[in-house]
Amino acid sequence: MQFLEKLNLLSQCTKLPSEEEILSVCENVREALENESESYRPRIDEGITGGLLDFTSEEKPVIVVPDIHARPELIYNLLSFTLPCGKKTIDALMQKEIFVICVGDIMHSEGRARQRWSQSYFNYIEKIYDGTSMIEEMTESLSAFIAVMETKLAFPSSFHCLKGNHENIMNETDGGNYAFRKYAEEGIMVKKFMETVYPAAVLNAVSNIEHLLPVAAAFTNAFVSHAEPCRALSRSEIINAPLNPKTVYYLTWTRNDEAEEGSAEKMLMEFCPDFTSKRQGVCVGGHRPVKEKYALRQNGLYVQIHNPYEQNVALIMPGENFDPEKSIYNIQNTQNL
C-alpha cells in the first residue's frame with residue numbers, strides 16, 4: 001500500500017526532511033485543523049478551533065497511542081497492525097470504523113538517546129547547533145512529526161493528535177507552555193537547530209501546528225489527555241483551552257501525585273455518558289513514564305500507558321470496561337492482537 005510505504009520510508013530516518021516537505025505538510029495540516037467539523041470539535045465563540053474532541057455520540061473502538069518521542073516507526077507499526085476484527089488499523093481507519101488518538105510529545109527522543117543528547121549538549125555549549133548527533137536527533141523527531149501529520153491528513157476525522165508538553169518548538173514559557181530541559185537543554189537546542197538549518201518560516205509553521213492541536217478527547221467510556229487531569233475541568237473550559245493557559249497546563253504537565261483527588265472520576269462524569277449510566281469509563285494518558293505496560297492512579301480510573309522502551313497502545317472498546325491487562329498491546333511485532 002502506497003501510504004504505508006511512505007510511512008515505512010519515514011520510519012527509516014535516512015535524512016532530514018526538506019524545507020519544502022515540512023512547509024507543505026504544515027500548510028495542509030493547518031487547514032485541516034482549522035476546519036475540523038464542529039460536530040466533534042466545537043469552536044470558541046471567537047471562531048477559534050476549540051481544545052476538545054467530542055466523540056461521545058459515536059460507538060467505535062478507540063486506540064490510544066502514548067508519547068511518540070521521535071519514533072516514526074511507532075506510527076508505521078500501528079497502521080500495519082492487525083486488530084481483533086481481522087483488519088489492519090489502516091483499513092479500519094479507511095472505513096472510519098475506529099478512532100486513533102495520539103497523546104502528543106512527538107519530538108525529543110529522551111532517555112533512549114541519552115548519550116546522543118549528551119554529545120549534542122557538548123556541541124551546543126561550543127555553539128555548534130547542527131552537529132552530527134543533533135542531526136540524527138532531529139531527523140528522527142521531524143520524521144515522526146511528518147508521519148503523524150501525514151496520517152492526520154490521510155484520515156482527518158478518525159486520526160488525531162493531542163498537544164503534549166513537548167509540543168513547544170519555540171521553547172516558550174507562555175500559554176501553558178514551559179521551556180523544557182531534561183537530559184540536556186533539549187528545548188533551546190531544538191530551537192537553535194531549527195534556526196540554523198531551516199529558514200524561520202519552517203520553525204513558525206511547526207509552532208503554528210502545535211498551537212492548533214486539541215488538548216483532550218472524550219468518548220462514550222473514555223477521556224484522553226496527554227497528562228493526568230490536574231483538576232476537574234468543565235466542557236467549556238476544555239473547549240476554551242486555547243485562551244486559558246491554566247487549562248493547557250492542567251492537561252499537559254501534571255506530575256505524579258499533583259492531581260486533585262477525584263479529578264479522573266469527575267472528568268468521566270462530566271464527559272462520558274456510559275460512565276454515569278453503567279459505571280464504564282477510564283481516563284487514559286501518557287506523559288509520566290511507566291516501567292511495565294501501565295500504571296494505575298486514582299483508584300484505577302486513570303491509566304498511564306507510556307513505557308518509552310516499548311511500543312504499547314491501549315484499545316478501548318465501546319460498551320465495555322477497560323481491562324489494562326488484556327487491552328494494552330505491544331505493536332512492535334507483527335502478531336495479531
Side-chain angles (χ1 to χ4, degrees), residues 33-34 36-60 62 64 99 101-104 157 160-165 167-168 174-178 210-288 296-304 314 316 318 322:
L33 291 172
E34 288 183 341
E36 293 206 86
S37 172
E38 290 192 65
S39 66
Y40 64 81
R41 191 167 182 187
R43 290 184 173 273
I44 301 169
D45 289 341
E46 289 82 351
I48 302 170
T49 306
L52 175 67
L53 297 171
D54 185 348
F55 295 110
T56 55
S57 64
E58 302 197 46
E59 295 275 345
K60 295 180 184 179
V62 181
V64 182
F99 292 114
I101 305 293
C102 302
V103 305
S157 63
H160 304 272
C161 183
L162 305 180
K163 173 178 165 49
N165 62 305
E167 270 65 62
N168 183 15
D174 185 45
N177 289 319
Y178 289 85
E210 293 174 336
H211 284 90
L212 286 169
L213 296 175
V215 294
F219 302 90
T220 58
N221 61 344
F223 180 87
V224 183
S225 54
H226 176 71
E228 182 178 3
C230 193
R231 70 163 178 84
L233 296 162
S234 69
R235 175 184 170 86
S236 175
E237 284 179 299
I238 296 181
I239 291 173
N240 286 279
L243 305 180
N244 191 337
K246 284 188 176 180
T247 300
V248 176
Y249 173 86
Y250 290 152
L251 294 171
T252 59
W253 272 99
T254 313
R255 300 184 300 272
N256 285 346
D257 302 321
E258 183 184 8
E260 290 182 3
E261 184 177 353
S263 66
E265 181 176 20
K266 292 175 182 176
M267 297 296 276
L268 292 169
M269 293 179 68
E270 172 80 10
F271 289 96
C272 304
D274 281 1
F275 185 74
T276 56
S277 61
K278 307 173 187 176
R279 307 302 293 175
Q280 294 174 339
V282 65
C283 292
V284 183
H287 185 49
R288 304 304 298 174
L296 300 179
R297 308 185 66 79
Q298 302 205 36
N299 297 317
L301 291 179
Y302 179 72
V303 184
Q304 294 169 317
I316 303 169
F322 178 75

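Numbers for residues simply follow the sequence, beginning at 1.
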- Query: To the nearest 0.5 Å, how far apart are CG in Asn221 and OG1 in Thr56?
  - Reply: 11.0 Å

- Euclidean distance, Thr220 OG1 relative to Gln280 CD, rounded to 0.5 Å: 8.5 Å

- Task: May I ask you to decide if the ring planes of His160 and Phe55 are parallel, tilted or perpendicular, using 30° and 60° as cut-offs?
- Result: tilted

- Flag yes if more than 12 heavy atoms outside Lys60 fall under 6.0 Å of its NZ atom; otherwise flag no. yes

- Between Glu36 (side chain) and Arg41 (backbone), is there a donor-acceptor pair under 3.5 Å? no

- Query: Where the side chain of Glu228 meets the backbone of Gly285, is there a donor-acceptor pair that is under 3.5 Å apart?
  - Reply: no

- For the side chain of Asn168 and the backbone of Tyr178, is there at least one donor-acceptor N/O pair under 3.5 Å apart? yes

- Message: Are Val303 and Leu296 packed together at the side-chain level, in the sense that at least one heavy-atom pair is separated by less than 4.5 angstrom?
- Response: yes

- Query: Would the number of heavy atoms belonging to other residues, nucleotides or ligands and lying under 6.0 Å from CZ of Arg255 be above 12?
  - Reply: no

- Message: If I take atom NE2 from residue His226 and atom SG from residue Cys161, how far apart are they, to the nearest 0.5 angstrom?
- Response: 10.0 Å

- Val284 versus Tyr302, closest heavy-atom pair with distance: C-CE1, 4.1 Å

- To the nearest 0.5 Å, how far apart are OG1 in Thr252 and NE2 in His287? 7.5 Å

- Locate the shortest heavy-atom distance separating Val103 from Gly286; write the atom from each residue and the value. CG2-N, 4.2 Å

- Message: Between Tyr250 and Ser263, is there a side-chain heavy-atom distance shorter than 4.5 Å?
- Response: no

- Message: Would you say that Pro245 contacts Asp174 through its side chain, given a criterion of any heavy-atom pair below 4.5 Å between the two side chains?
- Response: no

- Query: NZ of Lys163 to CD of Glu210: how many Å apart, nearest 0.5 Å?
  - Reply: 6.5 Å

- Query: Of all heavy-atom pairs between Glu258 and Trp253, which one has the smallest distance, and what is that distance?
  - Reply: OE1-O, 4.0 Å

- Quick one: does Phe223's side chain get under 4.5 Å of Glu270's, heavy atoms only? no

- Gly300 and Val282 have their tightest heavy-atom pair at O-CG2, 4.3 Å

- Are the side chains of His211 and Pro242 in touch, meaning some heavy atoms are under 4.5 Å apart? no

- Return the minimal non-hydrogen interatomic distance between Ala222 and Cys272, and the atom names on each side. O-SG, 3.4 Å

- Message: If the test is side-chain contact (heavy atoms from CB on, under 4.5 Å), which one of Leu243, Asn240, Leu212 qualifies with Ile48?
- Response: Leu243

- Query: Quick one: are Leu53 and Leu162 in side-chain contact, heavy atoms under 4.5 Å?
  - Reply: yes

- What are the two closest heavy atoms between Thr247 and Ala241, and how far apart are they? CG2-CB, 3.7 Å

- Query: Do Leu33 and Thr49 come within less than 4.5 Å of each other through their side chains, counting heavy atoms only?
  - Reply: no

- Query: How about Arg231 and Glu237: do any of their side-chain heavy atoms sit closer than 4.5 Å?
  - Reply: yes

- Message: Looking only at the side chains, is there a donor atom on one of Glu265 and Asn299 sitting less than 3.5 Å from an acceptor on the other?
- Response: no

- To the nearest 0.5 Å, how far apart are OH in Tyr40 and CG in Leu52? 12.0 Å

